[in-house]
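Here's the structure, in structure tokens; my notes come after.
Note that ligands are numbered from 1 as they come in the structure, with each ligand's atoms numbered from 1 the same way. Throughout, residue positions are numbered sequentially from 1 according to the sequence presented.
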Amino acid sequence: MAEAKKSWEERLAGEPDELTVDFVESLSIDKRLYKYDIVGSIAHAQMLAEQKLISKEEFKAIREGLIEISEEIAAGRFKLEKKYEDIHMAIEAALVAKIGQAGKKLHTGRSRNDQVTTDVRLWMRDRIELLQAKITLLQKAFVKLAGKYAEDIMPGYTHLQRAQPIVIASYLLSFVEQFERDFIRLKNCHRLLNISPLGSGAVAGSTLPLDRKSTAKQLGFSDISYNSIDAVSDRDFCAEFIFDCALIATHLSRLAEDWIIYSSGEFGFVRIDDAYCTSSSMMPQKRNPDLLELIRAKTGRVYGSLVAMLTILKGQPSGYNRDMQEDKVHIFAASDTVEACLDVARAIVSHAKFNTKKISAELEEGFLDATALVEYLVGKGVAFREAHGIVGSLVAYCEQQNKKLAGLSLEELQKYSVSIETDVYENLGAAGVADKYITAGSAGPKQAKEQIAYWNKQLGQR
Ligand code: ARG
């Protein structure tokens with residue numbers, strides 16, 4: 001027996017082609033919005049009752065029906081049928097089937113266009129909180145690890161060439177700073193998206209006396225949107241959210257790249273715990289950092305989502321277009337990918353060990369103390385540019401002689417500058433230099449300890 005037509009199909013002749021049903025459906029993707037859809041619908045129905053657009057009894061029936069549906073979906077007892085296109089229609093159809101006439105009033109003064117963007121905003125608020133919590137856990141893992149290496153020196157790199165000595169703690173804390181910016185960016189994203197589009201209808205609002213402030217308040221939005229055309233077509237917050245995810249992925253990818261290099265035989269700086277390594281199907285000796293490589297690679301997906309989202313938006317005429325439906329594919333993918341990567345990164349960081357023996361045994365390679373020697377000369381009244389040239393020549397001399405700066409005699413040193421005195425040796429040797437850093441935010445042990453104390457306090461409050 002042919003089923004009765006759905007109200008939005010009355011306009012069209014015959015049944016939709018199977019191809020159409022498959023192609024337009026988003027239920028397979030947006031079913032995860034169900035809780036938000038139900039919460040949004042209850043708020044809308046309550047407002048309709050407050051405005052006497054439906055009766056109190058109808059509201060009660062709607063609310064109870066929706067709660068039951070929510071429980072059925074949660075328990076996996078709800079049949080999601082793609083003929084309903086999306087989660088909004090599937091829930092509404094189930095409500096009508098459950099409570100009859102009152103269910104048919106739920107969509108009064110509403111369009112899926114304002115409904116869907118309301119749902120997405122509600123979902124994103126929760127999602128941001130989840131990602132922020134995961135960022136905080138990762139930051140805490142870094143701070144804890146930094147606490148173990150607040151005195152241990154490693155080479156700091158520029159251009160991946162040995163540059164200046166730094167404490168391992170400062171290196172680790174550099175990631176805490178990056179993730180802190182990610183945390184703040186998400187907070188800003190939350191603040192901007194937290195306005196209610198509900199009541200904007202399809203594009204022009206409604207002739208019914210809807211109380212938009214009531215639904216906004218019920219749903220915890222800080223304000224309502226002020227232009228219905230913009231409200232149904234604004235997906236800036238989606239692009240912004242994915243961008244925030246993309247930067248998190250970037251930071252994770254740079255960490256991954258560092259540790260892939262640092263855990264290599266050539267470097268041997270860091271040991272990734274066996275639980276987070278894989279081996280080779282052929283070479284029995286291998287301990288591979290595959291998880292880090294996958295974190296690095298998955299960044300590509302998130303960037304892909306960002307470009308996709310921006311591209312979805314750029315060509316659309318004003319108002320809602322079905323293109324918008326594709327936003328969810330990308331916000332979900334970006335968010336899920338970053339969430340998983342944050343979990344894995346936290347596990348790896350929490351179990352990582354630095355090989356301080358190996359690092360310090362090689363610390364005097366690569367003239368890490370050269371810049372400190374320049375600054376020593378500056379302290380003796382030599383102009384910086386001259387001092388820079390003097391030390392450059394000294395390094396070239398050392399390379400020829402196969403010596404270290406600290407291994408030169410005073411006589412050899414003074415051949416390059418008469419300003420060099422016996423106290424120079426206090427400033428040579430990479431291991432001692434980091435103690436001498438005095439500028440705020442330097443990579444020395446003193447500053448690292450201050451930062452650890454700061455972060456412990458800061459993150460402890462989250
Ligand atoms: N599934 C759609 C979306 O995700 C809901 C809105 C559909 N609106 C419409 N007028 N066809 O955007």
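A cation-pi arrangement, defined by a distance under 6.0 Å to the six-membered ring centre and an angle within 45 degrees of its axis, is present between Arg121 and Phe237. Taking the centre and axis of the six-membered ring of Phe183, the NZ or CZ atom of Arg462 falls inside the cone set by 45° and 6.0 Å.
Contact annotation: for Lys328 versus ligand 1, heavy atoms closer than 4.0 Å belong to the side chain alone. Residue-level proximity to ligand 1 for Arg322 is carried by the side chain, the only part with a heavy atom below 4.0 angstrom.
Side chain of Asp273 to backbone of Arg271: no donor-acceptor contact under 3.5 angstrom is found. In this structure, Ser264 contributes its side chain and Ile260 its backbone to no donor-acceptor pair below 3.5 Å.
Distances below 4.0 Å separate heavy atoms of Gln325 from the following atoms of ligand 1: 1 (N), 2 (C), 3 (C), 4 (O), 12 (O). Atoms of ligand 1 lying under 4.0 Å from any heavy atom of Val116, numbered from 1 in the order shown and given with element: 3 (C), 4 (O), 12 (O). Short contacts between ligand 1 and Ser26, defined as distances under 4.0 Å to a heavy atom of the residue, involve ligand atoms 1 (N). Interface of Asp86 with ligand 1, defined as ligand atoms under 4.0 Å from a residue heavy atom, comprises 1 (N), 2 (C), 5 (C).
What sits closest to atom 3 (C) of ligand 1 on the protein, heavy atoms only, is Tyr320 OH, 3.3 Å. Among all protein heavy atoms, the one lying closest to atom 9 (C) of ligand 1 is Asn113 OD1, 3.5 Å.
Ion pairing between Arg127 and Glu339 holds under the 4.0 Å rule for side-chain N and carboxylate O.
With Asp86 as the fixed residue, the salt bridge (Lys or Arg N to Asp or Glu O under 4.0 Å) test singles out one of Arg32, Arg112, Lys31: Arg112.
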